[in-house]
Amino acid sequence: MDISETYLSLGAGAFELSVPIAAVVALAFAPRMRKFAVVLLGAVTPLFLAYAFMAASYFFAPAETSGRFYFSALWIMSFVVYLALALMGAALAFIPKPSNLYGRYLIGFLSAPICYALFNLVS
């Protein structure tokens, strides 16, 4: 079966959007899962800030042809980094301290640059 770039982009985008949606749903409807979901949400927040910046540059300046490449390749090219950040956030979610949700979110958020630096050392 031949997989085109469209399927790769749609699959990566669907996965990258479903993880924080699932975390937000867990925050809202599963009180026992909040302490795990907030760390995962914090770990993927830096990439979502980058995604928002790319989407804003694509939608607010659509006449520039350079913005189209970034927006279409964004999901595929950042998939491995996103997966590494999500796995790091899932692993850090099992640390029992701090019990405060804001502190746990901050742990996830601060783990993203560390995970990215380790990823660069490995690859």
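For the numbers below, each heavy atom of this structure counts, side chains included, while hydrogens, waters and symmetry mates do not.
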Exercise. Can you tell me how far CZ of Phe79 sits from CG of Leu83, rounded to the nearest 0.5 angstrom?
Worked result: 5.0 Å
Exercise. Is it the case that one hydrophobic cluster holds both Tyr105 and Met33, taking links as side-chain heavy atoms less than 4.5 Å apart, direct or via other members?
Worked result: no
Problem set entry | Hydrophobic cluster membership, Leu47 vs Leu87, 4.5 Å side-chain cutoff | yes
Exercise. In terms of ring plane angle, is the pair Tyr51 and Tyr82 parallel, tilted or perpendicular, where the classes change at 30° and 60°?
Worked result: parallel
Exercise. Just how far is it from atom OG1 of Thr45 to atom CG of Leu40, taken to the nearest 0.5 Å?
Worked result: 9.0 Å
Exercise. Counting distance only, does the side-chain N/O of Arg104 pair as donor-acceptor with the main-chain N or O of Lys35 below 3.5 Å?
Worked result: yes
For this session: Show the numbers, then the answer: is there a side chain to side chain contact (heavy atoms under 4.5 Å, CB included) between Ile95 and Ile107?
Result: CA-CA 10 Å; Ile95 296 175; Ile107 284 176; 5.6 Å; no
Problem set entry | Minimum side-chain heavy-atom gap Leu27-Leu41 below 4.5 Å | yes
Seminar exercise, completed: Scanning both residues in full, the closest heavy-atom pair of Cys115 with Leu85 reads CB-CD2, 3.7 Å
Exercise. Would a hydrophobic clustering, with Ile, Leu, Val, Met, Phe, Trp and Tyr connected at side-chain separations under 4.5 Å, put Val24 with Leu17?
Worked result: no
Problem set entry | Joint hydrophobic cluster, Phe109 plus Val38, side-chain heavy atoms closer than 4.5 Å | yes
Exercise. Among the clusters formed by ILVMFWY side chains lying less than 4.5 Å apart, do Ile114 and Leu121 turn up in the same one?
Worked result: yes
Problem set entry | Minimal non-hydrogen separation, Phe48 against Pro20, with atom names | CE1-CG, 3.0 Å
Problem set entry | Heavy-atom closest contact (Ala112 atom, Pro46 atom, distance) | CB-CG, 3.5 Å
For this session: Write down the atom of Arg34, the atom of Ala26, and the distance for their closest heavy-atom approach.
Result: CG-O, 4.2 Å
Exercise. Considering all heavy atoms of both residues, which atom of Leu92 and which atom of Ser111 are nearest to each other, and what is their separation?
Worked result: CD1-CB, 3.2 Å
